[in-house]
Amino acid sequence: MNIEIYNTKTGRKSPLVTLEEGKIKLYVCGITAYDYCHIGHARSALVFDLIVRYLRFRGYTVTFVRNFTDIDDKIIKRAQEQNTTCEELSQRFITMFHEDMASLGILPPSIEPKATEHLPEIIGLIEELIRKGLAYQVDADVYYRVTGFANYGALSGRNLEEMQAGARIAVNEKKEHPMDFALWKGSKPGEPTWESPWGPGRPGWHIECSAMSRKYLGNSFDIHGGGKDLIFPHHENEIAQSEGATGDEFVKYWVHHGFVTIKDEKMSKSLGNFLTIREVIAQFAPEALRLFIFSTHYRNPLDYSETALLDAVAGLNRLYTCLAEIEQLPATGNDQAASAISKADREKIETLGERFLKAMDNDFNSAQALGHLFEGVKILNKIRQHLPGKPARLDLQLLKQGAKTIREMAEALGLLSQEPTLYLQKEQEKILKTLSVTPEEIEKFITARTMAREEKNWALADEIRDQLLNQGIDLKDGPTGTTWQVKLP
RNA sequence: GGCGGCGUAGCCAAGUGGUAAGGCAGUGGUCUGCAAAACCAUUAUUCAGCGGUUCAAAUCCGCUCGCCGCCUCCA
């Protein structure tokens, strides 16, 4: 089995062949630190968390670099508005970002470089480009000369003529070509400044990623990722800078994920339709958000809604409930009894792992992979439900093995890592806290109801039950008495 | 205007040439005094529409309609 990856550059899926046997070098464009992260950022982080976890699960050694843009126009503007420094502002939101990532269960990258800590590398790279005739200075600015790089537009499938025809950008008279972009910007008064051969200034946006990826991963590396909106101009410009300077192929596989939408529109600040990670996880468990995001293939758009998250919570409960039920099965079974499991079901469980891997190997198709897991749950539940009083040893073995496989596979996605019974208990407690009844009160109601039931006063018994149900408590009459549980969503 | 993507059941979503995974909701059932919970079963002769290629198409090709994104900062 081999992993296939969709490459934006070729527009096709192709087998993953790494530059170095068994090793993957991965660079992902991180955030510009000037505001709270929204669920679009969460998707980005989760998608690459999935890719890193899965590649490691498949045996690769992954070096994962994700940068912070901590100097840029937006940061300068926001810092001025808040009457603070760029440094303080960006550091504050980097801290917030780390908090968000921790609560989402995102594995930390191997390296998290910041633009402002790599000025020597950035300046060096710009000098290299000037030397090669791929950049030129105008006043205090330095621009990249796009006409000097033959492949400009190859990643995004455009050419310079087309881009000019539909250009919505105001032409900057200082530039040789309208598509030339800034590598270095001379600073205006009051802005953060670094010394450079072109006078005091600061780096343009794209150059930092070229400089930092080269420093930590080399001239060529395996995978570069980000949101689809970064294809142009950001990643196009990175290629021009890096390949222009080194002459080597910059990146082998370009991986871009789709957007999170709300009511089918891209989340954006201007539309005001974005939700922060904090807002969402205040309402829903991070693991449910993870399941929700992985339930669609990473390249497709994903529409956020409360209903969709509620569905994910229900799905998570289903998975954990199945695992918890199987845990409670007896450890030993009847050696004499014949298996009560059909051949088809046995096969489905036995091939679950390989079917899961096949789906994930196919461009990280987590939606399909999760489908297999849910199918496994369905079969496991069916088998367990039909288990005789003294189940066959073989059948118990299959159930336990199936549950183990489901957990192992799910953990490769960062899911189902909690103890199933503990998870369910915690969910109960969490909801119980929001209800208006206490466990003591519930017990009192149950005692009263049991008396009513003994007197066959069904009307009163049902009234008590309905009352509790209204408050979010389900009663369950069993052979050994009445138990209760919080109604899960 | 240029480039790209999408349209599969009430909703969400896989499936990219061999006869429609999975989840949520609904319905029926097991259980129960009746319920609830849990579990099981079931739910698309059909994949936006119309043509074409093929023994065979949701999958390939063409056209039409609808939605979205990029081309400016953006995950």
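As the structure is a computational prediction, the values presented were derived from the model and not from experiment. Residue numbers start from 1 in every chain, and the chains themselves are labelled A, B, ... in the order their sequence lines are given, proteins ahead of strands.
- Distances shown here put every side-chain N or O of A/K382 at or beyond 4.0 Å from the OP1 or OP2 atom of B/rC39.
- Taking only side-chain atoms of A/D477, from C-beta outward, the nucleotide of B/rA21, B/rA41, B/rG33 with the closest atom is B/rG33.
- Where A/A461 and A/Y6 each meet RNA chain B at their nearest nucleotide, the meeting point lying more 5' is that of A/Y6.
- Side chain A/R299 to base B/rG69: no donor-acceptor pair is found below 3.5 Å.
- Spacing between atom NE2 of A/H297 and atom P of B/rG5 amounts to 14 Å, rounded to whole angstrom units.
- Contacts of A/R43 with the nucleic acid, taken as non-hydrogen atoms under 4.0 Å apart, are absent.
- Separation of the C1' atoms belonging to B/rA44 and B/rA21 is 13 Å when rounded to the nearest angstrom.
- Residue contacts shown for A/H38 include a base, since a base heavy atom lies under 4.0 Å away.
- A salt bridge does not link A/R453 to A/D462: none of the charged side-chain nitrogens sits closer than 4.0 Å to a carboxylate oxygen.
- Considering only the side chain of A/E265, B/rG69 comes nearest among B/rG69, B/rG2, B/rC73.
- Using a 4.0 Å heavy-atom distance criterion, A/G227 is classed as a sugar-phosphate-only contact.
- One can place CG of A/D345 at 11 Å from P of B/rC40, the figure rounded to the nearest angstrom.
- Atoms OG1 and CZ, on A/T8 and A/F232 in that order, are 14.5 Å from each other to the nearest 0.5 Å.
- Checked by atom type, the side-chain pair A/E208/A/N67 shows a donor-acceptor distance below 3.5 Å.
- If you measure from atom CG of A/D229 to atom C1' of B/rC73, you get 10 Å, rounded to the nearest angstrom.
- Distance from the side chain of A/D474 is smallest to B/rA36 among B/rA36, B/rA13, B/rC70.
- With B/rA35, B/rC24, B/rC39 as the candidates, the nucleotide lying closest to the side chain of A/A314 is B/rC24.
- Contact of A/R453 with B/rG33 (side chain to base): a donor-acceptor pair of N or O atoms is detected under 3.5 Å.
- A salt bridge is absent between A/R66 and A/D49; no separation between the charged side-chain nitrogens and carboxylate oxygens falls under 4.0 Å.
- In the set B/rG33, B/rA14, B/rC40, B/rG33 carries the atom at the smallest distance from any side-chain atom of A/W458.
- Across all strands shown, A/L373 has no heavy atoms under 4.0 Å from either base or sugar-phosphate atoms.
- Among the atoms of the strands shown, none is found under 4.0 Å from any heavy atom of A/V28.
- B/rA14 and B/rG7 have their P atoms separated by 9 Å, given to the nearest Å.
- The CG-P distance, from A/L475 to B/rA36, rounds to 13 Å in whole Å.
- Nucleotide B/rC6 has B/rG66 as its partner under the Watson-Crick or G-U criteria, with both atom distances under 3.5 Å.
- Here the separation of B/rC71 from B/rC12, taken at their C1' atoms, is 31 Å to the nearest Å.
- A/R449 comes within 4.0 angstrom of a base, heavy atoms only.
- Residue-nucleotide stacking is not present for A/F259 and B/rA75, judged by a side-chain ring centre under 5.5 Å from the six-membered base ring centre and planes under 30° apart.
- Between A/H224 and A/Y27, the ring planes are tilted. Angles from 30° to 60° get that label.
- Whole-Å rounding puts the A/I379 CD1 to B/rA41 C1' distance at 14 Å.
- At a cut-off of 3.5 angstrom, counting only N and O atoms as typed in the model, there is a donor on one side and an acceptor on the other between the side-chain of A/R465 and the base of B/rA35.
- Contact check, A/N365 against B/rG15: a side-chain N or O comes under 4.0 Å of OP1 or OP2.
- A 3.5 Å limit on both hydrogen-bonding distances identifies B/rU30 as the Watson-Crick or G-U partner of B/rA38.
- Tested against A/T351, the residues A/E347, A/K348, A/R355 include a single side-chain hydrogen bond (donor to acceptor under 3.5 Å, both in side chains) partner, A/R355.
- Taking atom CG of residue A/N159 and atom C1' of nucleotide B/rG1, one finds them 14 Å apart after rounding to whole Å.
- With B/rA75, B/rG23, B/rA21 as the candidates, the nucleotide lying closest to the side chain of A/F374 is B/rG23.
- Spacing of P atoms, B/rG29 relative to B/rG10, comes out at 24 Å, to the nearest Å.
- Atom pair A/L415:CG and B/rG23:P shows a separation of 16 Å (rounding to whole Å applied).
- Residue A/N300 places at least one side-chain N or O closer than 4.0 Å to OP1 or OP2 of B/rA14.
- Across every strand in view, B/rG18 sits in a pair with B/rC55 that passes the Watson-Crick or G-U test at under 3.5 angstrom.
- Across all strands shown, A/K228 has no heavy atoms under 4.0 Å from either base or sugar-phosphate atoms.
- Residue A/H386 has its side chain nearest to B/rC40 when only B/rC24, B/rC40, B/rC34 are considered.
- Summarising the geometry, the separation between CE on A/M179 and C1' on B/rC71 is reported as 8 Å, rounded to the nearest angstrom.
- Both A/A308 and A/P233 lie near RNA chain B, and the one whose nearest nucleotide falls closer to the 5' end is A/A308.
- Taking the six-membered ring where the residue is Trp, A/F181 and A/Y152 present parallel rings, their angle staying beneath 30° rather than reaching 60°.
- Taking the charged nitrogens against the carboxylate oxygens, A/D73 and A/R202 do have a contact shorter than 4.0 Å, which makes a salt bridge.
- Pair assignment for B/rC11: B/rG23, on the basis of Watson-Crick or G-U wobble contacts that are both within less than 3.5 Å.
- Among B/rC70, B/rG33, B/rA13, the nucleotide with an atom closest to any side-chain atom of A/K266 is B/rC70.
- One P atom belongs to B/rU53, the other to B/rU43, and the distance between them is 34 Å to the nearest Å.
- For A/D264 against B/rG7, no side-chain N or O and base N or O form a donor-acceptor pair under 3.5 Å.
- Using atom C1' as the reference point in both B/rU16 and B/rC6, the two lie 15 Å apart (nearest Å).
- Taking atom C1' on both B/rU46 and B/rC3, the two are 33 Å apart, rounded to the nearest angstrom.
- A salt bridge is absent between A/K358 and A/D361; no separation between the charged side-chain nitrogens and carboxylate oxygens falls under 4.0 Å.
- Separating the P atom of B/rA36 from that of B/rG49 is a span of 39 Å, rounded to the nearest Å.
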